[in-house]
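Inspection log for the structure reproduced underneath, given as structure tokens.
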There are 2 protein chains.
Amino acid sequence: MPTTNGRSALRLAKLQEALASGGTLHLRDAAELCDVSEMTIRRDLTTQKTAISLLGGRLVMANYPGVTPIYDLNEQQASHYQAKHRLCQRALAYIQEGDTLFIDCGSTLMPLLSQLSHFHELTVVTYALNVANAVAALPNVRLVLLGGLFYPASQSFGSDNMAAAIERLGINKALISAAGVDLERGVSCFHFHEVAPKQAAIATAMQRLLVVDASKFGVVRPAYFAALDDFDVVVTDEEKTHSSQYLGCGNAPLLS
Amino acid sequence: MPTTNGRSALRLAKLQEALASGGTLHLRDAAELCDVSEMTIRRDLTTQKTAISLLGGRLVMANYPGVTPIYDLNEQQASHYQAKHRLCQRALAYIQEGDTLFIDCGSTLMPLLSQLSHFHELTVVTYALNVANAVAALPNVRLVLLGGLFYPASQSFGSDNMAAAIERLGINKALISAAGVDLERGVSCFHFHEVAPKQAAIATAMQRLLVVDASKFGVVRPAYFAALDDFDVVVTDEEKTHSSQYLGCGNAPLLS
DNA sequence: CATTCAGTGTTATTTTTCTAACGTTGATTT
DNA sequence: AAATCAACGTTAGAAAAATAACACTGAATG
């Protein structure tokens, strides 16, 4: 095993370049490209800390979406996924043909996106890179990405004129996610740059849906962005004794 | 093999949802999730036309960047990649610490991006999704994505106020790619929505670099966007008898 | 000049994945 | 009721990938 990062790191850099344009590189080709044996590439990958990972004999960029958690969705995640899936299934019920949807950042709404392929005419507005990537793959969904400076923490963009950009769009339904929902302290998230787009979407959308799993109830996060009754619908996975899932369009308070 | 798309398609839909949030799913888990044998999942994948592909025992979304050409970069592409690589190596020579770069869409400049990780302080401005994804993976490069409506053909965004957005940024160097370069007919590309951002970048950047391989010379494409002497530097892979690779900042004409 | 050791190649072995063939089930048809 | 057939499971074999062990090389060190 190489202790110093000599030629090993150089090879990995070379391979990373080759992979940067997207795609996969077979171990055999990688070895040939670097003019070493496959075993050496293997060792490079295990020894050195690298963004490249080996997936069934093929090199892929591990930090690319769609590969990212090589640390697979296993048992626990699969069950946790079920929860998110059910949540999105409920949210899906509110979506109709021809809608222009605002999709918030985070992982909550991701399971919803692939479901959108069932529609014929749909527009998705988002400021999140992961959402954009998933939607870009859908053939019959128009994608509008609100750009700006990229914030890695939330995989989303922020810009001073994002609010204005959102208001110019005819957003039909806003699907908003949150990290905390509290009856008194309102709805909050982790990152402050998310506040402006969320608020703008809430302000312009004809229907506002808050999509949160029950674990977020009673939690307060640093960035407040809305009161609970700013939303027309709250989509949740659990039927609490003191909450109603659908509050109608009449701004009926939740958890009252 | 299933002739009608009955349960098979349903399973694939279910799996696609699971994968939509990004990540991979082991065949074993996929089988368990659908409550069938691994063989059945295998058959689903081979029989049905689907966006999911099997990569070393793991299910991945084939249309995600970083996996997309499962049809790997093989011999031919690897050699063709060498050309692009050399081209970008030359372009790299013009980049300095602290630069704010405009990176054009297309695949030409992709090999350049991973090289950018060697810098400590860099900002990349782009309107292309594939570029954004590659840059988002780099820890020490700031990313500014110019959003708008997504055009799948060029994996890039278009917007009516993109020119204004570009002009507000302090772009240092603009790296522009092209599909056609002709001495008389100027520099052109395929898609008309690319014209506005390219022109805006050329207008505001302090230094303008045209990065094109020699195969583009003498070619004219539908969308004209600049004259050849709008560029300060032309970076090319071949030394032609009647061309100079570096034209300096003095707007010296190329191919004169 | 012998020794050490990082770096690499080679080979053999194990493990995993892939493929092809055949067997089962249950609904539908004749 | 026998025949058919789609849908699926099971098994066994082939192919590929991962791992482990050992051998070679050449530069640095004593």
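Residue numbers begin at 1 in each chain, while the letters A, B, ... track the order of the sequences. Bear in mind the structure is a predicted one, so any value in this text is a computation, not a measurement.
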Grab the CD1-P distance between Ile41(A) and dT19(D) for me, whole Å please. 16 Å

Under the 3.5 angstrom rule, does the side chain of Asp99(B) hit a backbone N or O of Asn172(B) as a donor-acceptor pair? no

Take the protein atom CG of Leu10(B) and the nucleotide atom C1' of dC8(D), then report the distance between them rounded to whole Å. 16 Å

Between atom CG in Asp35(A) and atom P in dG9(C), what is the gap in whole Å? 8 Å

Arg43(A), nearest nucleotide to its side chain (from dT19(D), dT10(D), dT8(C)): dT8(C)

Rounded to the nearest Å, what distance is computed from the CE atom of residue Met39(B) to the P atom of nucleotide dT24(C)? 18 Å

Results of side chain to side chain contact (heavy atoms under 4.5 Å, CB included) for Thr123(B) - residues two or more places apart only: Thr100(B), Arg142(B), Val144(B)

Residues at least two apart in sequence or cross-chain that pass side chain to side chain contact (heavy atoms under 4.5 Å, CB included) with Phe190(B), listed by chain then number, are Ala179(B), Arg221(B), Pro222(B)

His191(B): which residues meet the ring pair (Phe, Tyr, Trp, His ring centres under 6.0 Å) condition with it, sequence neighbours left out? His193(B)

With Thr40(B) via side chain to side chain contact (heavy atoms under 4.5 Å, CB included) - residues at least two apart: Arg11(B), Val36(B), Ser37(B), Asp44(B)

Residue list, side chain to side chain contact (heavy atoms under 4.5 Å, CB included) with Leu138(B), at least two apart or on another chain: Leu116(B), Ser117(B), Val141(B)

Could you tell me how far apart Leu12(A) (CG) and dG7(C) (P) are, to the nearest whole angstrom? 13 Å

Taking N or O atoms only and anything under 3.5 Å, show me the protein contacts with nucleotides 14-17 of chain C, one pair per line.
unit_1, atom_1, unit_2, atom_2, d
dT17(C), OP1, His26(B), NE2, 2.9

The side chain of Thr40(A) lies closest to which of these nucleotides: dG9(D), dG9(C), dT10(D)? dG9(C)

Rounded to whole angstrom units, what separation is found between the CG atom of Asp44(A) and the P atom of dG7(C)? 10 Å

